[in-house]
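Per chain, numbering begins at 1; letters A, B, ... match sequence-line order.
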There are 2 protein chains.
Amino acid sequence: MISNSSKYAIKAVLFLAIHSNEENKIMVKDIAEPINVPQAYIAKLLQELAKRKLISSTRGPKGGFYLSSEDKERNVMDIISVIDGEKKINSCLLSLERCNSSNPCPIHHLANQSRIVLIENLKQNSINELALDVKNGKSKLPL
Amino acid sequence: MISNSSKYAIKAVLFLAIHSNEENKIMVKDIAEPINVPQAYIAKLLQELAKRKLISSTRGPKGGFYLSSEDKERNVMDIISVIDGEKKINSCLLSLERCNSSNPCPIHHLANQSRIVLIENLKQNSINELALDVKNGKSKLPL
DNA sequence: TCTAAAATATGATTTAAATCATATTTAAGA
DNA sequence: TCTTAAATATGATTTAAATCATATTTTAGA
Ligand code: FES
Ligand code: FES
């Protein structure tokens, strides 16, 4: 439903939200370790996120990744959409085909509402808001 | 979150609920095709479900798989638990470690409630009830 | 303008899940 | 009791996701 890659990407973006800004960029090697994701792997994900404009980056010495103020207004679903694609999280729990309320599978009505709520919630808070929660001790960035 | 194997297993069990009973057993080859799952693959899953007592089977000529009346009182979460294991569906969306409301990750509060609701819903209806929905045209068994 | 430090692009390798294959065991019926 | 049809047990192969490796491009600063 949500890939490992998406989870890693979310962790990395939140880490950047907490520790970086326009004037304080962070290199992959300084991101990989604290979030406990292999460096080469998170590098690839960060590159993809940068290409898709969810995070910002500059090359060369003093370069690195960071979140611009617009980047911080993104939400978690934006990240999942870029890494996994829209359709994956919306696919039918049984068929992998089109999930459709007018032609539902036997467990559609058991699963559909909670999925809608989940997706809605993942769009509700900005990266910035989630980062503030961590700063305020209301949540933790796990390994 | 829910593996392909679990999805296949759920489809197979629902198929058995609709088409089989103590006097009318069904062979793997007659299950595989209608639910559109490779025969050797669904065979393995059915064997596991039978070993774990979620479905019934008899060997030899006139043998096959079927659901006893007790089997039909099981629910979808029972199947997921047997195929994927309990912990998988309950793991943290970010860390893969213990998901814990008193030490939550940044998206715990975005995801936890809907997951609880999903799991509760998947336990709510018996296989028999879900099969009746299909028989009554209220839902469809997809490919 | 050179050098070094960073991201980027691209592709190879590994691993776990999915899929396939087959020898063994059980039970019905002749 | 023999034969045959079924599930069962076990393991091999394939595939997609995860992970690793490296040559190229860009840019800051000497
Ligand atoms: S049709 Fe299966 S979850 Fe919607
Ligand atoms: S701690 Fe991450 S989902 Fe609960």
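Each of A/Gly63 and A/Ala40 was matched to the nucleotide of DNA chain D holding its nearest heavy atom; the match closer to the 5' end belongs to A/Ala40. Heavy-atom nearest nucleotides on DNA chain C were determined for A/Ala43 and for B/Val37, and the one closer to the 5' end corresponds to A/Ala43. When the nearest nucleotides of DNA chain C are assigned to B/Lys88 and A/Lys62 by heavy-atom distance, the more 5′-ward of the two goes with A/Lys62.
Contact annotation: the side chain of A/Leu122 approaches that of A/Ile80 to within less than 4.5 Å [non-hydrogen atoms, C-beta and beyond]. Using a 4.5 Å cut-off on side-chain heavy atoms (C-beta onward), B/Ile119 and B/Met77 make contact. Side-chain contact between A/Val13 and A/Arg74 is absent, with no heavy-atom pair separated by less than 4.5 Å. Contact check for B/Asp30 versus B/His19: no side-chain heavy atoms found under the 4.5 Å cut-off.
Distance OH (A/Tyr66) to P (C/dA7): 12 Å, rounded to an integer number of Å. One can place CD1 of A/Ile55 at 14 Å from C1' of C/dA6, the figure rounded to the nearest angstrom. The separation between A/Leu54 atom CG and C/dA7 atom C1' is 17 Å, rounded to whole Å. Straight-line distance from the CG atom of A/Leu49 to the P atom of C/dA9: 13 Å, rounded to whole Å. C/dA9 atom P lies 13 Å from atom CG of A/Leu46, rounded to whole Å. In this structure, B/Lys7 places its NZ atom 13 Å from C1' of C/dA17, rounding to the nearest Å. In this structure, NZ of A/Lys51 is placed 8 Å from C1' of C/dA9, rounded to the nearest angstrom. Distance A/Leu45 CG to C/dA7 C1': 14 Å, rounded to the nearest Å.
Side chain B/Arg59 to base C/dT25: a donor-acceptor pair is found below 3.5 Å.
Under 4.0 angstrom from either OP1 or OP2 of D/dA17 there lies no side-chain N or O belonging to A/Ser3. Phosphate proximity of D/dA7 to B/Ser57: absent, as no side-chain N or O sits under 4.0 Å from OP1 or OP2. One finds a side-chain N or O of B/Tyr8 lying less than 4.0 angstrom from the OP1 or OP2 phosphate oxygen of C/dT19. When the side-chain nitrogen and oxygen atoms of A/Tyr41 are compared with OP1 and OP2 of D/dA21, none of them lie within a distance under 4.0 Å.
Distance from the side chain of A/Gln47 is smallest for C/dA9 among the nucleotides D/dC20, C/dA7, C/dA9. Among the nucleotides C/dA28, C/dG11, C/dA6, the one closest to the side chain of A/Met27 is C/dA6. Looking at the side chain of A/Lys44, the nearest of the listed nucleotides C/dT10, C/dA7, C/dA9 is C/dT10. Residue A/Asn4 has its side chain nearest to D/dA18 when only D/dA9, D/dA18, C/dA5 are considered. Of the candidates C/dA27, D/dT8, C/dT19, the closest approach to any side-chain atom of B/Pro61 belongs to C/dA27.
Backbone-only engagement by B/Ile26 is indicated by non-hydrogen atom pairs under 4.0 Å involving sugar-phosphate atoms exclusively. As judged by a 4.0 angstrom heavy-atom cut-off over every strand, A/Lys25 is placed among residues making no nucleic acid contact.
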Show, in sequence, the C-alpha distance, side-chain angles and deciding distance for A/Leu130 and A/Val76, and conclude whether the side chain to side chain contact (heavy atoms under 4.5 Å, CB included) test is met. CA-CA 9 Å; A/Leu130 297 177; A/Val76 171; 3.5 Å; yes
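With hydrophobic clusters built from ILVMFWY side chains whose heavy atoms lie under 4.5 angstrom apart, A/Ile107 shares a cluster with B/Leu45.
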